[in-house]
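Chain letters run A, B, ... following the sequence lines, proteins first and then strands; every chain starts at 1.
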Amino acid sequence: MYTDKVIEAEHLDLIHDVAYDFHGRRMATCSSDQTVKIWDLEDGEWKCTASWKTHNGSVWRVAWAHPEFGQLIATCSFDRTAAVWEEMPGESKDGKKSHWIKRCSLVDSRTSVTDVKFAPRHLGLQLATCSQDGYIRIYEAQDIMSLGSWTKHDDVAPSANLSCSCLSWSSSRVHPPMIAVGCYDSNLPNQPASKEAHVILYEYGQGSRKWMKVEAFSTITETVRDVSFAPNLGRNYHTLAVASKHLYIFSIKPIKKDSVAKASLEVKQLVCFEEYTSKVWRVCWNVTGTILASSGEDGCVKLWKANYLSPWKCIATLKGDGMRLSSVDYMNDHGDKRSKSLYPPLSKNQVPWH
Amino acid sequence: MDQAPEKTEAVIADPVLAQFGSAASWSYGNELIVFGSKSRDDLIDDGTNRSTVSPKLHAVKWNTDIYATNLRKILNESHGTFLEAQEMAKDKQTDTTAYLKISRGYRSILKANIECIRDDLENTPAMENESQDLRKTLESELQMIEIIELIWHLTEILYLQSSTSDCIVPVYQNWIWSHFQEPLTWTQHILQQPIPEKDARYWDTVYGLVLQGRTQLVFRLLSSHSHANNYAFKTILHLISIMPEFSKSRTPGEFDSEWRMWKTQLSNLISQGQLSSCKNVELLAKLLIGDEETLRTHSELCDTWYGYLLAVLLYKRPTAKLIELQNFTQECIDTFGGETQLENWDFILLAAIDLDLLKTIKLCSSSFSNWWFPAHLTDLLFHTGRLDNEKMKYGERLREFLLLDYASSLFSHESLWQVGVAYLDECKVYGKRYLQRLLENIPIQSEYKARKVLRVCQDKGITDSYQVICRIMSTKSLKSQRYSNALNWALLCNDGKLSALISDQIMREYEKTGKFTAKDVLSNLGKRMLLCPELTFLGKYYEFHELYSNKQFGECISLIVQLLSSNIAPRKYWFTLMKDIGPVLKETHVQSTIFEAKQLVHFAAELRIDFQLQKESFDYKRSGLAARDIRTLKETQKTVLETLNTLISEYNVRCVESVKENTDDMDM
């Protein structure tokens with residue numbers, strides 16, 4: 001049984017990202033209208049509690065920091081910057097319970113900043129950005145009271161010919177810090193595409209204190225639009241989902257060799273869903289890393305799960321269908337925001353998936 | 001092997017999704033936000049891609065069963081039964097009858113709730129508009145729980161109650177009897193009529209009773225007929241009264257031959273036309289001898305294919321064993337219109353009857369919008385050893401897999417997460433890691449809830465989550481300037497870094513407003529004072545304030561000198577500290593050793609250097625003040641320093657003189 005609750009986003013243009021906070025009680029949305037909106041779940045309803053202009057261009061991504069560091073979000077934009085924002089409690093002039101202030105602008109990129117992600121909690125208050133100029137930059141704030149100054153730890157570029165589109169931190173605590181980066185060809189469309197690997201793994205060398213390229217996925221040479229590490233619940237390997245022409249899932253297992261000091265990685269492609277006929281845009285995991293949601297060009301959201309017996313397979317499809325929406329229904333949607341059931345429970349000939 | 005579809009398609013009505021494409025983000029539980037978006041490849045020129053439709057967000061939820069009030073009751077109540085089963089398993093209990101008791105325990109919880117919902121439905125007026133929605137919800141909940149109970153009961157009789165060599169018919173009959181009581185209700189109704197056979201349902205009820213094998217009631221109904229003394233009636237009544245019954249005192253072989261003899265007797269009567277005087281009685285007799293055509297034409301009276309299966313067994317093969325059951329299912333399903341007419345739960349029953357446990361569990365998982373049923377059923381079957389046989393050696397993994405999913409689903413609920421903790425305890429491989437992750441994610445709206453979660457962390461020895469939750473609470477308080485609270489939380493998880501930050505804030509606030517917060521925490525610091533230098537200082541500084549208000553001025557000066565000379569006081573606080581000493585020095589009767597007085601002179605000089613170099617306490621760049629304010633501040637600080645200087649000099653003189661006097665006294 002599915003229920004679909006429609007929320008008017010109140011953005012004036014396309015939404016590019018929606019991010020839930022750690023507890024799932026707040027979300028942030030960002031859009032081409034250059035604003036970010038914060039939504040809070042109050043009595044089962046999502047209410048917009050803040051909305052402000054964040055950048056001078058489309059805002060591509062928004063990310064929440066772990067609540068241990070306070071109520072912080074990071075945004076990145078076409079305007080070549082990334083920014084860190086903090087919510088300040090206390091009544092503001094317009095009667096709202098809190099207001100958001102800009103703590104810092106990260107202006108190192110000379111081109112559109114395509115993704116921004118906070119590091120997992122155990123690595124402290126770090127964030128990584130990636131941009132069209134092909135650089136990944138890692139920043140760190142000293143502590144939660146000095147959010148105004150972020151020191152750039154490192155910047156690395158996978159390849160001179162590639163732009164970066166997306167990145168993901170591994171949440172594993174038992175392995176060295178790891179970042180996966182997805183790329184696209186920065187060449188003009190009429191030039192031949194390079195056959196370089198479009199997904200690169202970086203690992204932080206505890207000794208060298210540098211981010212080192214440790215793996216390139218040579219099987220993926222097409223534009224990569226999203227990468228996402230599954231939450232690591234103490235497993236001894238990383239699981240990475242990649243959204244490209246197809247949907248891929250990899251397992252990455254660090255192997256310690258006794259003779260060589262440097263550990264190497266054993267990368268296995270678990271699946272490549274070629275039945276995906278249209279481009280995949282986004283991939284994201286549930287909290288326990290057991291279900292993957294993929295979405296893309298075809299307007300569908302597909303849910304994938306690995307079973308105790310069978311490998312990954314699609315367990316549900318949510319289809320975006322514009323045809324069903326007549327103008328009359330559309331008006332009704334406005335008036336009646338109560339949740340409506342897409343299917344009655346256990347109705348005839350219907351199998352709700354698990 | 002999978003006839004039932006495994007995928008579901010749900011449709012989200014939104015033109016933006018179809019026009020551009022979709023994107024989704026996960027929430028905490030079973031919730032996704034789906035929204036229409038566009039690939040950024042297509043957004044080369046910024047700002048020209050405006051969509052014409054206002055964008056929407058779709059909060060899509062599933063597995064919402066646990067939010068239904070009645071199922072929630074079941075989840076809470078069954079928790080105890082689950083724990084009981086685990087205890088039994090720990091005692092190496094292998095006796096199936098013990099687990100049969102557990103199974104019945106689960107079912108009685110289900111049945112109690114079914115009754116409860118029925119009562120609610122009766123008390124909900126059917127006519128009023130506003131109660132329509134409630135009725136619908138209750139009805140669908142009722143249907144779901146009834147089906148769960150039906151399936152559970154069947155698996156119980158098939159897997160816990162019977163062995164493969166037992167005759168299955170009596171238990172199967174029991175199952176049907178307890179779930180399909182309509183003929184019974186009708187019988188009571190008809191028997192209350194003045195002339196029973198005038199009731200339009202008289203014969204259908206008789207046939208219905210026959211198909212369920214309720215022969216005693218058939219006898220009573222027929223006896224109530226006004227023609228009961230007719231020959232046909234008398235004959236059939238006699239035959240029904242001598243119909244052989246299956247009992248444990250007889251071997252199946254004995255029963256079988258007796259039954260065959262009885263059947264032949266009845267067939268002979270029919271073929272001789274002895275019952276033809278009453279067509280209804282003759283039809284009844286044909287049912288009793290298992291006449292295929294007659295059975296089929298009256299199959300509808302059985303309601304379902306599995307009800308019909310009972311009739312087929314009773315009159316065609318009353319000694320059927322458990323493993324033979326599956327030989328008759330196809331015939332029954334075909335009679336009821338074939339597989340296309342089957343519901344999801346029909347496939348589950350079918351899989352159970354086929355003794356395909358794995359498939360039964362799989363279908364239970366995919367057919368219900370909750371994990372309660374498959375998880376509990378699997379757990380029970382696992383403990384009885386039914387899951388691990390020659391073919392299937394994955395019982396333990398399957399059980400953990402389902403328990404993990406069930407427990408995780410509980411964590412997305414406001415209060416049920418506490419039940420979830422107990423289930424994760426039973427997952428030996430991944431339970432603890434799941435618990436850690438899920439505990440950290442629990443939304444904490446109040447201190448009360450935080451303490452509750454912390455208690456679980458402590459009980460389960462999950463220090464990591466304990467610290468994370470304390471830090472979240474501390475940061476929250478720190479950012480709302482509730483320093484006392486923030487410090488409390490930071491101390492709870494022994495976080496030095498955080499304590500330092502908070503101490504710093506308390507000092508800054510004191511410098512700004514002259515108000516000392518967090519006194520309650522600071523007065524009870526004890527050993528925890530040593531957590532970080534900032535806190536050590538703050539604790540000592542608090543002592544200074546206490547001494548001052550108790551007018552122990554001499555001790556005040558000693559303490560400050562000690563703080564300054566031992567490097568406990570961070571240099572950035574020196575100004576504040578020295579400023580505080582002013583009022584103490586003004587007390588004319590206060591004296592201390594010459595050494596302390598000299599130290600004060602020394603530190604005052606150091607402070608003046610800081611002031612000149614604009615360092616530490618006088619680092620205005622960090623203050624974020626406007627230039628004009630900084631000028632004013634500088635002036636004030638300068639005055640303070642000058643006054644302090646004078647005071648310290650005077651004090652020094654006083655101390656020296658007093659020492660002199662003392663030595664003079666001694667000389668005399």
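Between A:R121 and B:V468 the shortest side-chain heavy-atom distance falls below 4.5 Å. In this structure, the side chains of A:M27 and B:L57 come closer than 4.5 Å at one or more pairs of heavy atoms.
Under 4.0 Å is where a charged nitrogen must lie from a carboxylate oxygen, and between B:K479 and A:E86 at least one such pair does.
Contact detail for A:C284 and B:A24: the closest heavy-atom pair is SG-O, 3.2 Å. Of all non-hydrogen atoms in B:A23 and A:S295, the two that sit nearest each other are CA-OG, 3.2 Å. Between A:Y20 and B:E31, the closest heavy-atom pair is OH-OE2, 3.5 Å. Minimum interatomic distance between A:W281 and B:S37 (heavy atoms only, all atoms of both residues): CZ3-O, 3.3 Å.
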Cut-off 3.5 Å, no hydrogens considered: what does the side-chain donor-acceptor table look like for residues 429-445 of chain B, sequence neighbours left out?
| unit_1 | atom_1 | unit_2 | atom_2 | d |
| --- | --- | --- | --- | --- |
| B:Q436 | NE2 | B:D464 | OD2 | 3.4 |
| B:E440 | OE2 | B:S465 | OG | 3.3 |
| B:N441 | ND2 | B:R437 | O | 2.9 |

All N/O donor-acceptor pairs, side-chain side in residues 63-71 of chain A, below 3.5 Å, sequence neighbours left out:
| unit_1 | atom_1 | unit_2 | atom_2 | d |
| --- | --- | --- | --- | --- |
| A:W64 | NE1 | A:A19 | O | 2.9 |
| A:H66 | ND1 | A:E68 | N | 2.9 |
| A:E68 | OE1 | B:R471 | NH1 | 3.2 |
| A:E68 | OE2 | B:R471 | NH1 | 3.2 |
| A:Q71 | OE1 | A:R26 | NH1 | 2.8 |

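With rounding to the nearest 0.5 angstrom, the CH2 atom of B:W26 is 8.5 Å from the OG1 atom of A:T288. Here A:K5 contributes atom NZ and B:K61 contributes atom NZ; the two are 6.0 Å apart, rounded to the nearest 0.5 Å. Between the CG atom of B:L498 and the CD1 atom of A:I144 there is a distance of 5.5 Å, given to the nearest 0.5 Å. Atom-to-atom distance recorded for A:N286:CG and B:S412:OG is 11.0 Å, nearest 0.5 angstrom. In this structure, OG1 on B:T475 lies 9.5 Å from CG on A:L72, to the nearest 0.5 angstrom.
For A:T29, the part sitting under 4.5 Å from any heavy atom of chain B is the side chain, from C-beta outward, and nothing else.
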